[in-house]
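Here is the structure we will look at, set down as structure tokens.
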Amino acid sequence: MLIVMKSDATEAQVESVVRIIEELGYKAHPMPGATRTAIGITGNQTSVDASHFENLPGVAEAIRVSKPYKLISLDLRPEKTVVRVGDAAIGGDELAIIAGPCAIESRSQAFAIAEAVRRSGARFFRGGAYKPRTSPYAFQGLGEEGLRILADIRETYGLKIVTEALDENGIDLVERYGDMIQIGARNMQNFSLLRRAGKSSLPILLKRGLSATLDEWLLAAEYVMSEGNYQVVLCERGIRTFAQHTRNTLDLASIPAVRRLSHLPVIVDPSHGTGKNYMVTPLARAGVAVGADGLIVEVHDQPEHALSDGAQALTLPQYEELVSEVRAIHEVITPATVG
Ligand code: PEP
Ligand code: MN
């Protein structure tokens, strides 16, 4: 159930609807919008009786939601969500660029890359301190020491820190050192982790699972939002298919598909989405052209010595070139053309 308030409904009227929802034992999710506030209802096992709400002051209509998702939906919020990360944002007019190494390997490596990221005008720095590696013998990240390096980068360059939490304890740590919590592809359906992310005050970058359908991905975002954290950015990072010419198949059609259903911002990861250095820039261009709100890109000062994902890392000059190309593309894209 979704309660749409009249455009002139007062705050007190919204609050009184929220109170009634809570008295019924459900959770209320008020979403103020440009023209009206809508209130999502979750926590109900069976359908909610619309008659509880229809005649309340300030209520325009009570709509039954037939889709499996409620809070991510354009029905709840017809205009795009802008996710704020301090004084930076994802989903607004500016193309968001999140760049940095796959993993934080050392202070000097991280600072060398961060300096170039800052110089490019990007607002976000990425880098894993905890890495979800396929092999238990591969480099697992520097752990909390990596987070301390990231916090120093934030201090030095004013970049917002985006870094992955592998488990609930990891979320506690990222909350201490970072600005945005990445939930990785392998954890997209780790429901206890999603619920914990939903209780965080930091925004969440939710990567698409390796074999996740659009619905599964959106429902993972719904898990986070149902706990009260509405600051979610989706990230298309490629899925597993039979193709052997790429590490993953970057499903760029998911960008307009998300747009049609959801108000959440969506960005593209052309690094994991291809796995190959020479494909990253072309697919980044395509991602922006198809209407992504931003990119997350892996960059390394010495890709040949990277401890993880070196094959897909851009060199610093390649990264600089990518930024100028995608900015030019973004400038000629208008919301009308990416629908
Ligand atoms: C990463 O961003 O380095 C990463 C491990 O991403 P994904 O979860 O998409 O594989
Ligand atoms: Mn990586």
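Just so you know, ligand 1 is whichever comes first in the structure, and atom 1 is the first atom listed for that ligand. The model shown is predicted, which means the values in this text are computed figures rather than measured ones.
- Looking from atom 3 (O) of ligand 1 to the surrounding protein, the closest heavy atom is Lys131 NZ, 2.8 Å.
- For Asp49 and Ser51, the side-chain atoms include at least one donor-acceptor pair closer than 3.5 Å.
- For the residue pair Leu264 and Ala221, the shortest heavy atom distance occurs at CD1-CB, 3.9 Å.
- Within His272, the N, O or S atom lying nearest to the Mn ion (ligand 2) carries the name NE2.
- Checking side-chain atoms of Ser262 against main-chain N and O of Ile72 turns up a donor-acceptor pair under 3.5 Å.
- The shortest contact between atom 4 (C) of ligand 1 and any protein heavy atom is with His272 NE2, 3.4 Å.
- Contact atoms of ligand 1 toward Gly184: 8 (O) (distance under 4.0 Å to a heavy atom of the residue).
- Around the Mn ion (ligand 2), the two atoms SG of Cys102 and OD2 of Asp309 are separated by an angle of 90°, to 10 degrees.
- Relative orientation of the His29 and Tyr230 rings is perpendicular, given thresholds of 30° and 60° on the angle between their planes.
- Set against the non-hydrogen atoms of Arg237, the atoms of ligand 1 under 4.0 Å away are 7 (P), 9 (O), 10 (O).
- Glu105 and His300 are linked by a side-chain donor-acceptor pair at a separation below 3.5 angstrom, with hydrogens and angles left out of the test.
- Side-chain polar atoms of Glu298 and His272 form a donor-acceptor pair below 3.5 angstrom.
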- Task: Kindly indicate, with the supporting measurements, whether the criterion side chain to side chain donor-acceptor pair (under 3.5 Å) is fulfilled by Gln318 and Thr281.
- Result: CA-CA 8 Å; Gln318 286 172 337; Thr281 297; over 6 Å; no
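- Residue Gln182 has at least one nitrogen or oxygen atom sitting less than 3.5 Å from a nitrogen or oxygen atom of ligand 1, judged on distance alone.
- Remark: minimum distance from atom 8 (O) of ligand 1 to any protein heavy atom is reached at Ala185 N, 2.7 Å.
- Under a 4.0 angstrom heavy-atom cut-off, Cys102 registers as being in contact with ligand 1.
- Between the side chains of Asp251 and Thr249, no donor-acceptor pair is found at a separation under 3.5 Å.
- Within 6.0 Å of CD on Glu11 lie no more than 12 heavy atoms contributed by other residues, nucleotides or ligands.
- When the Mn ion (ligand 2) is compared with the N/O/S atoms of Glu298, atom OE2 turns out nearest.
- Scanning the protein heavy atoms around atom 6 (O) of ligand 1, the nearest turns out to be Lys207 NZ, 3.0 Å.
- Using a 4.0 Å cut-off to heavy atoms of Glu298, the atoms of ligand 1 that qualify are 1 (C), 3 (O).
- At the top of the distance list for atom 2 (O) of ligand 1, counting protein heavy atoms only, stands Arg126 NH1, 2.8 Å.
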